[in-house]
Colleague: 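Structure provided below as structure tokens; questions to follow.
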Amino acid sequence: MPHLKLCKCFIALGMSLGLTLGCQTETPPPAKEPPKVTVAHPIKNAVPDYHYYNGWLQSMQTVEIRSRVRGHIDDIHFEEGVMVEADKTVLFTIDKRPFQAVLDEAEANLQAAQARLTLAKAQFDRIDTLVRKGASSREELDIVTGQKDVAAADVVKATAAVEKAKLDVNFCTIKAPITGRVSRALITKGNLVNAGAGEDILTTIVSMDPIYAFFNIEERYWQEYVAKRIKTSASGKLEIAKDKSKGVAFEFGLEVDKDYPHNGMINFVENKIESSTGTLQIRGEVKNPQFLFMPGSRIKIRLSEGEAQTRWIVPDEAILADQGNRYLLLVNEKKVVFRRDVQLGQLLENGQRVLLPAANPELDLKDTDWIIIRGMQRARLDYPVEPLEWKPPEAPRKPAA
């Protein structure tokens with residue numbers, strides 16, 4: 001009997017628990033709201049197509065100043081780092097006293113040679129007259145003729161010695177051979193300098209206006225450019241403009257410039273492509289009247305392909321990458337995310353990216369497309385989102401007067 005009561009108790013407890021569990025119903029979790037993303041329509045504008053390069057500036061003329069004569073530096077006449085004029089600004093003077101003495105001696109030798117020539121001519125004239133009268137022999141005439149010719153040669157030799165001595169005296173005054181900016185004096189007063197190309201450099205001068213800009217372009221771009229020029233040429237050949245004003249213009253900026261405020265004109269293209277890099281060197285000419293540009297400065301160059309083309313423009317931050325491909329995330333009419341591959345063009349100064357036309361026109365962007373420009377990390381392909389249209393910030397209001 002006790003066992004029967006115990007069994008009845010367990011049965012009652014089990015029924016009680018079953019009733020309790022049966023009354024509890026499972027409630028489904030609340031549905032997640034689609035993530036919010038910011039969307040905007042693409043913009044279509046006419047923008048020029050540019051190619052961008054890194055370049056450098058170089059002086060059109062660079063001269064290393066060396067002495068043409070051997071002597072001691074007598075004085076230094078220029079201020080370091082200033083502009084000097086060709087054939088006018090005196091840079092150095094070398095002690096000219098030894099060269100002046102040589103010049104005086106050469107001039108004295110010339111006078112002696114001229115006197116001997118005068119005497120030889122007089123003797124020739126007398127003997128020539130006597131020979132015609134039969135009072136002198138032909139042999140004597142030959143002797144005085146030779147003496148006259150030797151005296152004339154001595155005069156030529158003495159004259160050349162005088163000219164050389166004058167040059168040495170003139171070389172003692174070293175003037176600027178070109179107009180440009182002079183460097184510092186590399187040799188001080190009192191030092192002995194030798195003549196010759198391998199000897200010490202006294203200073204250097206670089207021309208400043210105009211100045212050259214060099215940069216290298218890709219072989220492919222050059223080939224495309226040549227093909228365009230041939231199509232537009234009347235002769236069907238690549239014609240190089242002889243007039244520099246009809247050359248190809250380019251824009252450039254210094255490292256401190258945010259844009260490309262300066263311009264130049266291409267005036268030379270190298271005659272061969274560098275096989276190791278696949279590039280072609282280009283040289284342009286830049287006016288520099290205010291000496292703003294320094295030789296050796298690095299510059300950024302922008303080269304236009306021609307007339308402006310109508311292109312789609314999107315924020316650069318909206319472009320994503322996947323295994324070398326570039327794409328955008330778009331939202332369709334059902335608010336579902338899908339992908340659109342794009343080809344990138346140039347990056348504009350305001351952070352906007354130009355898109356090149358798609359190979360298939362059907363896959364090109366449209367005015368009605370919604371592009372996700374913010375919140376891409378929350379969007380998933382083929383899943384819905386809540387698009388919020390981007391609105392440009394309002395301009396700050398001016399305070400009332």
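Residues: numbered from 1 along the sequence shown.
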Colleague: Would you say that more than 12 heavy atoms from the other residues, nucleotides or ligands in this model lie under 6.0 Å from the CD of Glu79, or not?
Modeller: no
Colleague: Are the side chain of Asn288 and the backbone N or O of Met208 linked by a donor-acceptor pair below 3.5 Å?
Modeller: yes
Colleague: With distance as the sole criterion, is a donor-acceptor pair present between the side chains of Gln111 and Glu107 under 3.5 Å?
Modeller: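 Side chains of Gln111 and Glu107: no pair found under 3.5 Å.
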Colleague: Are more than 12 heavy atoms, taken from residues, nucleotides or ligands other than Arg70, located less than 6.0 Å from that residue's CZ atom?
Modeller: no
Colleague: Just checking Arg380: does its CZ atom have more than 12 heavy atoms from other residues, nucleotides or ligands closer to it than 6.0 angstrom?
Modeller: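 Atom CZ in Arg380 is not crowded, with 12 or fewer foreign heavy atoms closer than 6.0 Å.
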Colleague: Are more than 12 heavy atoms, taken from residues, nucleotides or ligands other than Lys335, located less than 6.0 Å from that residue's NZ atom?
Modeller: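 Incorrect, the count does not exceed 12.
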Colleague: Closest approach of Ser207 and Met60, non-hydrogen atoms and distance?
Modeller: OG-N, 3.4 Å
Colleague: So, Asn191 versus Thr188: side-chain donor-acceptor pair below 3.5 Å or not?
Modeller: yes
Colleague: Taking all non-hydrogen atoms of both residues into account, name the closest pair between Leu117 and Ala151 and its distance.
Modeller: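 That closest heavy-atom pairing would be CA-CB, 3.4 Å.
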Colleague: Between the side chains of Glu274 and Ser276, is a donor N or O closer than 3.5 angstrom to an acceptor N or O?
Modeller: yes
Colleague: Ignoring hydrogens and angles, tell me if any N or O in the side chain of Arg353 forms a donor-acceptor pair with the backbone of Gly345 under 3.5 Å.
Modeller: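 Judged by distance alone, yes, a pair lies under 3.5 Å.
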Colleague: Counting N and O atoms only, with roles assigned by atom type, does the side chain of His41 sit under 3.5 Å from a partner on the main chain of Asp369, one being a donor and the other an acceptor?
Modeller: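 Pair found, side chain donor or acceptor close to backbone of Asp369.
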Colleague: So does Arg68 have more than 12 non-hydrogen atoms from other groups sitting under 6.0 Å from CZ?
Modeller: no
Colleague: Looking only at the aromatic ring of each residue, does the gap between the centers of His77 and Phe92 stay below 6.0 angstrom?
Modeller: no
Colleague: Assess whether side-chain hydrogen bond (donor to acceptor under 3.5 Å, both in side chains) is satisfied between Ser183 and Thr203, documenting all intermediate values.
Modeller: CA-CA 6 Å; Ser183 179; Thr203 189; 4.5 Å; no
Colleague: Could you grab the distance from atom CD of Gln61 to atom CD1 of Ile178, nearest 0.5 Å is fine?
Modeller: 5.0 Å
Colleague: Show which side-chain atoms of residues 250-264 pair as donor or acceptor with protein atoms under 3.5 Å away, not counting sequence neighbours.
Modeller:
{"residue": "Glu251", "atom": "OE1", "partner": "Arg302", "partner atom": "NE", "Å": "2.9"}
{"residue": "Glu251", "atom": "OE1", "partner": "Arg302", "partner atom": "NH2", "Å": "2.6"}
{"residue": "Glu255", "atom": "OE2", "partner": "Arg298", "partner atom": "NE", "Å": "3.2"}
{"residue": "Glu255", "atom": "OE2", "partner": "Arg298", "partner atom": "NH2", "Å": "3.1"}
{"residue": "Asp257", "atom": "OD2", "partner": "Leu254", "partner atom": "N", "Å": "2.8"}
{"residue": "Asp257", "atom": "OD2", "partner": "His262", "partner atom": "NE2", "Å": "3.3"}

Colleague: Give a yes-or-no answer on whether the side chains of Thr93 and Thr173 include a donor-acceptor pair shorter than 3.5 Å.
Modeller: no
Colleague: Tell me, yes or no, whether the heavy-atom count around Arg339 atom CZ, taken from other residues, nucleotides or ligands under 6.0 Å, exceeds 12.
Modeller: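 For Arg339, atom CZ is crowded (more than 12 foreign heavy atoms under 6.0 Å).
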Colleague: Determine whether more than 12 heavy atoms belonging to other residues, nucleotides or ligands lie under 6.0 Å from atom OH of Tyr383.
Modeller: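 Atom OH in Tyr383 is not crowded, with 12 or fewer foreign heavy atoms closer than 6.0 Å.
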Colleague: Just checking Gln377: does its CD atom have more than 12 heavy atoms from other residues, nucleotides or ligands closer to it than 6.0 angstrom?
Modeller: yes
Colleague: Any side-chain to backbone donor/acceptor pair from Arg378 onto Lys36? Under 3.5 Å, distance only.
Modeller: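 Yes, because the side chain of Arg378 sits within donor-acceptor range (under 3.5 Å) of the backbone of Lys36.
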Colleague: How close do Phe99 and Val69 get, counting heavy atoms only, and between which atoms?
Modeller: CZ-CB, 3.8 Å
Colleague: Are the aromatic rings of Tyr212 and Phe268 close, with centres under 6.0 Å apart?
Modeller: no
